[in-house]
Amino acid sequence: MKTSICSLSVAAVFGILSTCTLPAYAGKTLDAIKSKGQLACGVNPGLEGFAAVDNQGNWKGIDVDVCKAVAAAVLSDANKVKWVPLNAVQRFAALQSGEIDILSRNTTWTLTRDASLGLNFTGTMFYDGQAFMVQKPKTDPVTKKTTGANITSVKQLKGATVCVRSGTTTERTLTDFSKANGLNLKAVVYESQEATDKAYFSGRCQAYTSDASNLASVRSAQAPNPADHVILPELISKEPFSPSVRRGDDEFFAIVKWVVYALIEAEEYGITQANVDDLKANSKDPAVQRILGTGEDMGRLLGLNKDWAYRAIKAEGNYGEMFERNVGAKSPLKLTRGLNNLWNKGGLLYVPPVR
């Protein structure tokens, strides 16, 4: 006897549909990446902790690790990445034009960018905020005379000159904050990171404003003596950093999004670069098995192999490992986890489950 789906109850229909998940088509972007044999990743030209070239010529940083994890998931090799350094002005055009496949470059997710630039943000992977850096007062060791103001709050900067980069959300936020608080801050605008750094350290500006993580990076890498500079405690904005992809390829959008989610969820379940092989072979936890490809096949829903997330974690570690080695307490930036901790440890990192 044949039964029409129309004659079934609503509950029965949903029961059938829930068991009929189909493999996903990989999408044109992934097809092109596989054809080229590499992932084109747009990164900051040089921001310690996020994206910078080390003494051996290797790209390092948390944004770099995101692209390497995606390459490991889709190409089975974290090193199959073409690095494309981009300044703040170039970054969106490079993604729109197809020069890069993914933009992983300390970029703030905003409504304007989300709605008008032809791209999709894949999910916040670093929570930041705009801050100010100033020079501490100096005391002459001979005369014991102190020069410079002891600035401990942004509100003490009334009328000050502030170095800021153009083409960023930082410039607009500085203007808005100054007007709202009657501070009459005078923006001194530079196009490049390098020019802004040099201007501040040469004394052209009384303060430097940028994302707090950027200021920590600049202080660590560029200051003649990092201890001479202090980052003021107030944050004047929300700066959720997210990788982004071109709009119009939902399949690749899903892949990048779920690679980042898997790295975060791996930390929740204690899956690390060191124990991933042991857990893959021995874990009986269904959640761990799904992530590592030994249980339900999650990869087929993304157009990937079953062990896509295992490859990403094996290559780069979980999110916590990426954070600690690039920007955490043991790195030159020495940032605390803060908002970038897991949701069950007081932070904001809460992602959909791999299931």
Side-chain angles (χ1 to χ4, degrees), residues 39 41 48-81 104 123 125-126 213 243 255-299 302 304-355:
L39 172 77
C41 178
E48 186 176 0
F50 288 83
V53 179
D54 67 14
N55 295 332
Q56 285 74 47
N58 299 312
W59 282 92
K60 302 288 186 182
I62 196 167
D63 286 339
V64 168
D65 285 352
V66 168
C67 285
K68 293 178 75 174
V70 172
V74 304
L75 295 173
S76 301
D77 190 340
N79 295 313
K80 289 185 176 180
V81 181
S104 184
M125 54 78 59
F126 191 92
S213 62
I255 287 169
V256 175
K257 176 169 56 179
W258 280 100
V259 168
V260 174
Y261 290 168
L263 296 173
I264 295 172
E265 195 166 49
E267 184 181 5
E268 283 192 49
Y269 284 97
I271 306 170
T272 69
Q273 195 172 34
N275 70 17
V276 67
D277 286 320
D278 178 63
L279 289 175
K280 185 178 183 185
N282 301 307
S283 178
K284 299 298 187 288
D285 186 330
V288 173
Q289 290 178 335
R290 282 192 294 270
I291 295 170
L292 299 183
T294 57
E296 297 172 71
D297 186 353
M298 300 289 100
L302 296 170
L304 300 176
N305 294 334
K306 193 173 184 179
D307 63 351
W308 60 281
Y310 160 79
R311 294 197 301 269
I313 299 161
K314 177 70 174 176
E316 302 304 314
N318 64 40
Y319 178 87
E321 292 176 287
M322 290 164 50
F323 185 98
E324 289 305 323
R325 71 168 169 263
N326 290 303
V327 301
K330 295 180 181 179
S331 76
L333 270 64
K334 303 189 185 311
L335 299 179
T336 60
R337 285 294 293 267
L339 297 178
N340 293 296
N341 217 331
L342 297 175
W343 64 278
N344 53 9
K345 294 183 178 178
L348 297 180
L349 293 183
Y350 182 104
V351 297
V354 178
R355 69 165 184 259

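Any value given below was found using the heavy atoms of this structure, including those in side chains, with hydrogens, waters and symmetry copies removed. Bear in mind that the values here come from a model prediction, so they are computed numbers and not experimental data.
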Q. So, for Asn318 and Leu263, which heavy atoms are closest and what is the spacing to 0.1 Å?
A. CB-O, 3.5 Å
Q: Report yes if the side chains of Ile62 and Tyr319 come closer than 4.5 Å at any heavy-atom pair, otherwise no.
A: yes
**Q.** Asn326: partners by side-chain hydrogen bond (donor to acceptor under 3.5 Å, both in side chains), with sequence neighbours left out
**A.** Asp65
(Q) Nearest 0.5 Å, please: how far is CG in Leu304 from CD1 in Ile255? (A) 4.5 Å
**Q.** With sequence neighbours excluded, residues passing ring-ring contact (aromatic ring centres under 6.0 Å, His included) with Phe50
**A.** Phe126
Q. At what distance, to the nearest 0.5 angstrom, does CD of Glu265 lie from CG of Leu342?
A. 10.5 Å
Q | Distance (rounded to the nearest 0.5 Å) between Ser331 OG and Glu324 CD | A | 8.0 Å
Q: Give every residue pair that meets the salt bridge (charged side-chain N to carboxylate O under 4.0 Å, His left out) criterion with at least one member in residues 281-294, sequence neighbours excluded.
A: Arg290-Glu296
Q | side-chain hydrogen bond (donor to acceptor under 3.5 Å, both in side chains) partners for Asp307, two or more places apart | A | Arg311
Q: Taking Lys306 for its side chain and Gly295 for its backbone only, find out whether a donor-acceptor pair lies under 3.5 Å.
A: yes
Q.
Restricting to non-hydrogen atoms, name the atom on Ala72 and the atom on Ala315 that form the minimum distance, rounded to 0.1 Å.
A. CB-CB, 3.9 Å
Q: Return the set of residues passing salt bridge (Lys or Arg N to Asp or Glu O under 4.0 Å) with Glu321 (not counting sequence neighbours), or none when no residue passes.
A: none
Q: Output, in order, the C-alpha distance, side-chain angles, deciding distance and verdict of side-chain contact (heavy atoms from CB on, under 4.5 Å) for Val327 and Asn340.
A: CA-CA 11 Å; Val327 301; Asn340 293 296; over 6 Å; no
Q: Kindly determine whether Ile313 and Gln273 satisfy side-chain contact (heavy atoms from CB on, under 4.5 Å), including the steps that lead there.
A: CA-CA 6 Å; Ile313 299 161; Gln273 195 172 34; 5.6 Å; no
(Q) So which atom in Leu39 and which in Ala71 form the shortest heavy-atom distance, rounded to 0.1 Å? (A) CD2-N, 4.1 Å
Q: Could you grab the distance from atom CG of Leu279 to atom OG1 of Thr272, nearest 0.5 Å is fine?
A: 7.0 Å
Q.
Could you work out, with ring-ring contact (aromatic ring centres under 6.0 Å, His included) as the rule, every residue matching Trp308, not counting sequence neighbours?
A. none
Q. Can you list the residues that meet the salt bridge (Lys or Arg N to Asp or Glu O under 4.0 Å) rule with Arg337, with sequence neighbours excluded?
A. Glu267
Atom pairs and distances, side-chain donor-acceptor, residues 343-355, under 3.5 Å, sequence neighbours left out:
{"from": "Trp343", "atom 1": "NE1", "to": "Glu268", "atom 2": "OE1", "distance (Å)": "3.3"}
{"from": "Trp343", "atom 1": "NE1", "to": "Glu268", "atom 2": "OE2", "distance (Å)": "3.3"}

Q. Does Asp278 have any side-chain hydrogen bond (donor to acceptor under 3.5 Å, both in side chains) partners at least two apart in sequence or in another chain, and if so, which?
A. Asn282
Q. Taking only residues two or more places apart in sequence or in another chain, which ones pass ring-ring contact (aromatic ring centres under 6.0 Å, His included) with Tyr269?
A. none
**Q.** Nearest heavy atoms of Val66 and Ser104, plus distance in Å
**A.** CB-OG, 3.8 Å
**Q.** Residues that Lys60 engages under salt bridge (Lys or Arg N to Asp or Glu O under 4.0 Å), provided they are two or more places apart
**A.** none
Q.
Checking Ile291 against Met298 for the side-chain contact (heavy atoms from CB on, under 4.5 Å) test, could you report, in this order, the C-alpha distance in whole Å, the side-chain angles of both residues, the deciding distance, and whether it holds?
A. CA-CA 8 Å; Ile291 295 170; Met298 300 289 100; over 6 Å; no
Q. Which heavy atom of Val81 sits nearest a heavy atom of Cys41, and at what distance?
A. CG1-CB, 3.8 Å
**Q.** Which residues share a side-chain hydrogen bond (donor to acceptor under 3.5 Å, both in side chains) with Asp277, sequence neighbours left out
**A.** Tyr310, Lys314
Q: Mind listing the closest non-hydrogen atom pair of Leu335 and Ser213 along with its distance?
A: CD1-CB, 4.0 Å
